[in-house]
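One structure is given here, and the rest of the page talks about it.
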Amino acid sequence: MTDRQVMDTGRIIAAHGRRGTLETQSGDLLPYLIQGRRLRVVCGDHVQWDYDEPGVLAIISAIAPRTNVLERQPPGRPGTEILAANLSLMIVVCAPLPAADWFLVDRYLCSGELMGCRLLLVSNKSDLTENKHNHDTMLREYSLAGYTCLSVSAQDNRGTEALRDALKDQTGIFVGQSGVGKSSLINCLVPNAEITVGPISTSTQEGKHTTTASAMHYLPDGGRLIDTPGVRDFVPAIPEPQFVQNGFPEILAVTNQCRFTDCRHLREPDCAVKQAVLNGTISQRRYESYKRLLHTLTG
Ligand SMILES: Nc1nc2c(ncn2[C@@H]2O[C@H](COP(=O)(O)OP(=O)(O)O)[C@@H](O)[C@H]2O)c(=O)[nH]1
Ligand SMILES: [Mg+2]
Ligand SMILES: [Zn+2]
């Protein structure tokens with residue numbers, strides 16, 4: 001150990017501006033500082049670092065190429081914002097209360113598809129009876145579109161074993177609206193995580209944004225899980241409008257049958273997507289989501 005190389009590699013497990021925590025190759029946690037203005041690290045990044053003060057503080061010098069990034073368009077600002085990197089599994093969490101924002105779910109799923117992540121839709125708070133019928137009907141729609149849906153409860157631990165299995169050997173990320181129980185689920189899955197769980201506002205049933213930055217947690221059976229702050233408004237960063245269809249697998253599956261190869265599936269004749277919506281093989285609501293996201297990007 002004393003024969004340390006000049007540079008070491010590590011992984012960012014928490015990032016707050018220019019400071020945060022990294023995990024060294026030997027598994028130790030070390031606070032870091034970023035010098036200079038050019039580097040911007042995010043949770044999940046693999047980095048090169050050296051000691052500023054041996055055993056006390058690391059200085060990050062470079063970021064390894066990222067396999068993928070979760071990236072959004074921040075509201076009211078130009079450019080894009082990277083939220084996390086190097087993910088293998090995106091877990092979109094929803095709940096019957098606060099009532100799910102399915103358009104938000106679709107936008108997260110879309111960004112996961114574009115990143116090349118495996119995707120899992122987790123419906124938490126299965127102990128509640130509110131909204132159950134509507135909520136379960138919607139979940140069936142996602143199953144039909146090809147998504148794996150898991151019903152769990154952080155309160156009584158129902159289904160959390162299957163979630164643990166899904167996370168084995170993965171770098172997973174929890175995304176979803178505030179108040180659905182992401183932090184509560186991490187507390188279930190990770191002993192001693194002790195993340196602050198937010199109270200739900202009685203007026204809006206939305207959670208307060210208690211998780212302020214992304215942080216990575218280690219599961220006892222292997223696997224890592226990143227908690228993200230709940231957002232009201234997640235718009236995936238999509239470079240060109242024609243990529244939106246790649247974020248909706250059931251739409252993408254039929255696009256080769258459209259008359260025009262550059263069909264946007266809006267008003268074009270002989271559109272296989274619109275036909276599938278009419279036939280009921282593609283959900284009308286998912287198609288509306290597709291169009292809404294397309295319009296968000298094209299203005
Ligand atoms: N009934 C019920 N409430 C839950 C469950 N999981 C979380 N909650 C509650 O939902 C609220 C928001 O939880 P939190 O974990 O902070 O949500 P986050 O914003 O997604 O991280 C808290 O009041 C939790 O106690 C669950 O499985 N069942
Ligand atoms: Mg939280
Ligand atoms: Zn079409």
Side-chain angles (χ1 to χ4, degrees), residues 14 43 83-84 91-101 104-105 108 121-132 135 150-163 173-190 193-217 225-232 234 241-242 244-246 248 250-279 281-282 286-287 290-291 294:
C43 206
L83 302 171
I91 299 173
V92 184
V93 186
C94 64
L97 207 74
D101 175 348
L104 181 64
V105 168
Y108 274 122
L121 182 58
V122 163
S123 173
N124 186 36
K125 310 197 189 184
S126 64
D127 55 287
L128 295 181
T129 49
E130 284 98 333
N131 287 339
K132 194 166 173 48
H135 190 76
L150 213 57
S151 188
V152 304
S153 165
Q155 183 150 299
D156 61 21
N157 264 311
R158 242 181 291 178
T160 51
E161 207 46 53
L163 186 50
I173 188 162
F174 267 173
V175 294
Q177 137 193 32
S178 181
V180 292
K182 299 179 294 297
S183 298
S184 305
L185 282 170
I186 291 190
N187 285 335
C188 273
L189 298 168
V190 184
E194 289 168 5
I195 307 177
T196 319
V197 164
I200 287 208
S201 127
T202 43
S203 56
T204 63
Q205 296 294 336
E206 281 260 338
K208 302 237 163 65
H209 294 221
T210 41
T211 309
T212 53
S214 301
M216 192 185 285
H217 305 275
L225 184 53
I226 299 174
D227 189 16
T228 56
V231 292
R232 251 183 218 99
F234 172 86
Q242 70 263 30
V244 174
Q245 63 179 21
N246 299 3
F248 291 77
E250 75 276 42
I251 290 179
L252 186 65
V254 301
T255 53
N256 60 351
Q257 293 159 43
C258 295
R259 188 206 291 186
F260 302 111
T261 51
D262 61 351
C263 185
R264 290 163 306 158
H265 327 301
L266 298 174
R267 274 177 291 277
E268 295 87 345
D270 295 329
C271 168
V273 173
K274 279 191 292 177
Q275 193 54 53
V277 174
L278 285 176
N279 296 345
T281 50
I282 288 179
R286 286 270 295 167
Y287 174 57
Y290 161 81
K291 287 198 291 186
L294 196 66

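One-based numbering, in listed order, for ligands and for the atoms of each. A quick note: this is a predicted structure, and the numbers were derived from the prediction, not measured.
The environment of CZ in Arg259 is crowded: more than 12 heavy-atom neighbours from other residues, nucleotides or ligands sit within 6.0 Å. For Arg158, the CZ atom sits in a packed shell: over 12 heavy atoms of surrounding residues, nucleotides or ligands are nearer than 6.0 Å.
When each atom of ligand 1 is checked for a heavy atom of Asp127 under 4.0 Å away, the hits are 1 (N), 2 (C), 26 (C), 27 (O), 28 (N). Interface of Ser184 with ligand 1, defined as ligand atoms under 4.0 Å from a residue heavy atom, comprises 6 (N), 7 (C), 13 (O), 14 (P), 15 (O), 24 (C). Interface atoms of ligand 1 facing Ala154, defined by a heavy-atom separation under 4.0 Å, are 6 (N), 26 (C), 27 (O). Atoms of ligand 1 lying under 4.0 Å from any heavy atom of Lys182, numbered from 1 in the order shown and given with element: 15 (O), 17 (O), 18 (P), 19 (O), 20 (O), 21 (O). Residue-ligand proximity, Leu128 to ligand 1, at heavy-atom distances under 4.0 Å covers atoms 1 (N).
At a heavy-atom cutoff of 4.0 Å, ligand 1 is contacted by the side chain of Asn124 but not by its backbone. The backbone and the side chain of Val180 each have at least one atom closer than 4.0 Å to an atom of ligand 1 (non-hydrogen atoms only).
Ser153 contributes no side-chain N or O that, together with a main-chain N or O of Ser126, makes up a donor-acceptor pair within less than 3.5 Å. Although no hydrogens or angles enter the test, the distance criterion places no donor-acceptor pair under 3.5 Å between the side chain of Ser214 and the main chain of Thr228. When atom types are taken as modelled, the side chain of Glu268 and the backbone of Leu266 share a donor-acceptor pair closer than 3.5 angstrom. A donor-acceptor distance shorter than 3.5 angstrom exists from the side chain of Lys182 to the backbone of Gly176, with no hydrogens or angles considered. Looking only at distances, a side-chain donor or acceptor of Asn124 sits under 3.5 Å from a matching main-chain atom of Ala154. Put simply, the side chain of Tyr108 never gets that close to the backbone of Phe234: no donor and acceptor are under 3.5 Å apart. In this structure, the side chain of Glu250 does not engage the main chain of Thr281 through any donor-acceptor pair within 3.5 Å. For Lys132 (side chain) and Pro96 (main-chain N/O), no donor-acceptor pair under 3.5 Å exists by modelled atom type. Proximity of a side-chain donor or acceptor of Glu130 to a complementary backbone N or O of Leu97 within less than 3.5 Å is not detected.
Here the shortest heavy-atom distance to atom 17 (O) of ligand 1, taken over Ser153, Gly181, Gly176, belongs to Gly181.
Not a single N or O atom of Ser126, backbone or side chain, sits closer than 3.5 Å to an N or O atom of ligand 1. The shortest N or O to N or O distance between Gly179 and ligand 1 is below 3.5 Å.
Protein atoms of type N, O or S found under 2.8 Å from the Zn ion (ligand 3) total 4.
Among the backbone and side-chain atoms of Ser184, no N/O/S atom is found under 2.8 Å from the Mg ion (ligand 2).
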